[in-house]
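Everything below concerns the one structure shown next.
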Amino acid sequence: QALAYLQRCKTQGKLPILVLLDIQMPGMTGFEVCQEIRQRVEACHCRMPIIMVSAKIPSEKAAAEGYAKGITDFLCKPFDVEVLRHKVNMSVWLRRGSDQHAAEEAAA
C-alpha cells in the first residue's frame, strides 16, 4: 500500500518530505520496501530521505544492510526522541536544499 501511495505522489509531483521506515513489517521487510522506493519512486537521498528504525540485533549489521538498500539514516530502537527529532530535521533540511537547488537550476 505504501509503495502504491508513493507512486501516486510521484505522478503528482508531490513526494513526502521523508519516509520513516521500520525493518519489521507485514508482507515485506523494510529493506525490501526501501529498495523498491529507490528503484521505482525516487533514487536521490536528498529528494526523499529514508530513515530506518529497528530493534534488530546486531544493529550495525542491520544499518549496513539498510545503507546498501538505500536508506539515508538509521536509528536503533528504543531511541531517544531528541535524536529522532535531530535526524528528521536534518533530512528536512537536505530535502529543502535539494528542492531549492532544483528550482535554481530550472530558472537558469
Side-chain angles (χ1 to χ4, degrees):
Q1 294 173 347
L3 289 171
Y5 170 77
L6 291 172
Q7 280 294 128
R8 286 193 305 275
C9 290
K10 180 181 180 179
T11 302
Q12 298 169 359
K14 298 181 180 181
L15 291 173
I17 292 175
L18 69 95
V19 174
L20 187 61
L21 187 61
D22 199 320
I23 290 176
Q24 296 176 332
M25 301 186 309
M28 294 177 79
T29 68
F31 299 125
E32 294 166 329
V33 172
C34 182
Q35 191 168 24
E36 287 292 314
I37 290 171
R38 291 297 181 222
Q39 290 175 353
R40 295 179 23 205
V41 180
E42 180 57 58
C44 179
H45 289 257
C46 291
R47 291 282 303 136
M48 193 167 65
I50 299 173
I51 300 173
M52 184 172 277
V53 296
S54 177
K56 193 172 179 178
I57 304 290
S59 59
E60 294 83 6
K61 185 176 180 186
E65 185 174 351
Y67 288 119
K69 300 294 184 185
I71 66 170
T72 308
D73 208 344
F74 184 86
L75 191 57
C76 296
K77 292 195 284 186
F79 53 82
D80 184 286
V81 174
E82 287 302 313
V83 173
L84 175 61
R85 184 175 289 122
H86 175 74
K87 289 177 180 285
V88 167
N89 287 340
M90 183 57 69
S91 293
V92 170
W93 180 81
L94 285 170
R95 169 67 187 270
R96 289 187 176 148
S98 175
D99 289 347
Q100 182 178 358
H101 180 70
E104 289 169 358
E105 281 189 347

Joint hydrophobic cluster, [X] plus [Y], side-chain heavy atoms closer than 4.5 Å:
| X | Y | answer |
| --- | --- | --- |
| F74 | F79 | no |
| V92 | M48 | no |
| V33 | Y5 | yes |
| V83 | V88 | yes |

Exercise for the section: For Y67, look at atom OH and say whether over 12 heavy atoms of other residues, nucleotides or ligands are found less than 6.0 Å away. Expected result: yes

Practice task
Any chance you could lay out the side-chain contact (heavy atoms from CB on, under 4.5 Å) test for L20 and L84, step after step, and finish with the verdict?
Solution key: CA-CA 10 Å; L20 187 61; L84 175 61; 4.2 Å; yes

Non-hydrogen atoms of [X] and [Y] that approach each other most closely:
| X | Y | answer |
| --- | --- | --- |
| I50 | C34 | CD1-SG, 3.8 Å |
| R40 | K10 | O-NZ, 3.3 Å |
| Q24 | D22 | N-OD1, 3.1 Å |
| P49 | I17 | CD-O, 3.1 Å |

Problem - Approximate separation, where rounding is to 0.5 Å, of R8 CZ and L15 CG - result: 13.0 Å

Fill in the blank from the handout: dist E65:CD -> E60:CD (nearest 0.5 Å) comes out at 13.5 Å

Practice task
Before giving the answer on side-chain contact (heavy atoms from CB on, under 4.5 Å), spell out for I71 and L21 the whole-Å C-alpha distance, their side-chain angles and the decisive distance to 0.1 Å.
Solution key: CA-CA 9 Å; I71 66 170; L21 187 61; 5.5 Å; no

Exercise for the section: Starting from the C-alpha separation in whole Å, work towards a yes-or-no answer on side-chain contact (heavy atoms from CB on, under 4.5 Å) for I51 and T72. Expected result: CA-CA 6 Å; I51 300 173; T72 308; 5.7 Å; no

Problem - P16 side chain near L6 side chain, heavy-atom distance below 4.5 Å - result: yes

Practice task
Give a yes or no on whether the backbone of I23 and the side-chain of T29 come within a donor-acceptor separation of less than 3.5 Å.
Solution key: no

Practice task
Keeping the roles fixed (side chain from K69, backbone from F31), state whether a donor-acceptor pair exists under 3.5 Å.
Solution key: no

Practice task
Please test M90 against D73 for side-chain contact (heavy atoms from CB on, under 4.5 Å), starting from the C-alpha separation and ending with a verdict.
Solution key: CA-CA 10 Å; M90 183 57 69; D73 208 344; over 6 Å; no

Fill in the blank from the handout: Checking M52, K87, H86 against L75 for side-chain contact (heavy atoms from CB on, under 4.5 Å), the one that qualifies is K87

